[in-house]
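A quick note: this is a predicted structure, and the numbers were derived from the prediction, not measured. Along the sequence shown, the residues carry numbers beginning at 1.
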Amino acid sequence: MTIQPIGDQSVALYITHTDLRAHGLTPQSLTAQRALDMTRDAFRQSGLVLEGALEIEAYPDERGVLVFAHVRPPERLWLSFPDFEVLLSAQRALSAPPEGAALYWWEGRYWLSLPGAAQAAQAVLSEYGRTEEAGPQQEARLAEHGLPIAGEEVFSALSRYFPA
């Protein structure tokens with residue numbers, strides 16, 4: 001397999017007949033799921049990091065399969081904190097808190113939801129809390145079982161009620 005990055009969120013992957021035979025496949029028998037699995041394997045072997053949903057387009061021909069893969073960043077980023085004091089310390093470490101964050105209480109931890117574009121804030125906050133798996137099930141689980149504490153303006157509320 002040959003993998004070639006195309007920007008920071010996409011790659012082109014060429015899967016040869018030899019690669020396909022090693023997996024017991026032909027270009028015609030390659031399913032979308034198997035192409036996705038092989039693409040994930042190629043990412044791992046190349047040391048490329050997958051953060052978000054992987055979308056692929058596969059184009060088989062007589063020489064092999066050309067796959068275009070695009071990583072769609074997650075819509076929400078999740079962190080959890082063991083207690084409120086740690087959460088406040090984390091919030092105070094942010095130079096520019098992102099808008100659109102929400103806070104929940106669930107299973108003895110504070111869960112913070114950030115917009116997907118807030119990777120810089122997530123990097124700072126992860127020094128205090130733990131990064132959690134992002135996905136639609138996470139938001140549904142917290143909506144069903146968690147206790148909402150603060151909505152879209154959680155950082156301004158924390159600053160207002162708990163000044164440094």
Side-chain angles (χ1 to χ4, degrees), residues 1-82 90 93-104 106-107 109-146 148 151-152 154-155:
M1 281 187 270
T2 303
I3 190 166
Q4 178 66 45
I6 306 172
D8 59 347
Q9 296 292 322
S10 300
V11 298
L13 174 68
Y14 187 71
I15 305 171
T16 66
H17 276 288
T18 305
D19 298 322
L20 290 169
R21 277 194 298 273
H23 290 87
L25 299 167
T26 66
Q28 295 74 25
S29 69
L30 182 66
T31 64
Q33 183 59 49
R34 292 290 288 163
L36 183 61
D37 293 342
M38 291 178 81
T39 303
R40 285 190 178 119
D41 289 344
F43 266 85
R44 272 192 296 280
Q45 291 170 4
S46 298
L48 298 171
V49 178
L50 281 177
E51 290 189 26
L54 181 63
E55 300 169 344
I56 64 166
E57 295 176 54
Y59 299 96
D61 66 18
E62 60 277 353
R63 294 175 302 253
V65 181
L66 178 61
V67 177
F68 291 103
H70 176 75
V71 178
R72 187 171 28 102
E75 291 181 24
R76 304 297 296 174
L77 304 171
W78 292 92
L79 296 109
S80 70
F81 300 88
L94 289 173
S95 58
E99 294 183 20
L103 183 63
Y104 301 85
W106 182 55
E107 290 190 341
R109 294 184 70 82
Y110 290 91
W111 292 74
L112 182 65
S113 169
L114 300 172
Q119 287 98 354
Q122 180 190 30
V124 172
L125 295 169
S126 68
E127 295 180 21
Y128 296 86
R130 115 181 140 204
T131 302
E132 300 289 349
E133 181 181 330
Q137 70 279 5
Q138 185 70 305
E139 196 159 347
R141 185 180 304 124
L142 284 168
E144 183 176 347
H145 303 292
E152 296 291 309
V154 64
F155 291 116

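Interatomic distance, F155 CZ to L112 CG, rounded to the nearest 0.5 Å: 4.5 Å. The structure places CG of L77 at 12.0 Å from CD of E132, a figure rounded to the nearest 0.5 Å. Atom-to-atom distance recorded for T39:OG1 and R44:CZ is 10.5 Å, nearest 0.5 angstrom. One distance of note links NE2 of H23 with CE of M1; it measures 5.5 Å at 0.5 Å rounding. Taking CD of Q119 as the reference point, atom OG of S126 lies at 12.0 Å (rounded to 0.5 Å). For the atom pair D19 CG and L13 CG, the distance stands at 8.5 Å (nearest 0.5 Å).
Closest approach of A58 to V65, counting heavy atoms only: CB-CG1, 4.1 Å. Taking all atoms of both residues into account, the shortest heavy-atom contact from R109 to S80 is NE-OG, 2.8 Å. Minimum interatomic distance between A90 and F81 (heavy atoms only, all atoms of both residues): CB-CE2, 3.7 Å. In this structure, A101 and V154 approach most closely via the heavy-atom pair CB-CG1, 3.5 Å. Of all heavy-atom pairs between A102 and R76, the closest is N-NH2, 4.2 Å. Taking both residues in full, the closest heavy atoms of P115 and E99 are given as CG-O, 3.1 Å, listed atom of the first, atom of the second, then distance.
Side-chain atoms of L66 and D61, non-hydrogen and from C-beta on, never get closer than 4.5 Å to each other. Side-chain contact check for M38 versus L30: some heavy-atom pair is nearer than 4.5 Å.
Judged by distance alone, with hydrogens and angles left aside, the side-chain atoms of W111 form a donor-acceptor pair with the main-chain N or O of W106 at under 3.5 Å.
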**Message:** Working note: L79 + T131, criterion side chain to side chain contact (heavy atoms under 4.5 Å, CB included); need CA distance, chi angles, decisive distance, verdict.
**Reply:** CA-CA 4 Å; L79 296 109; T131 302; 4.2 Å; yes
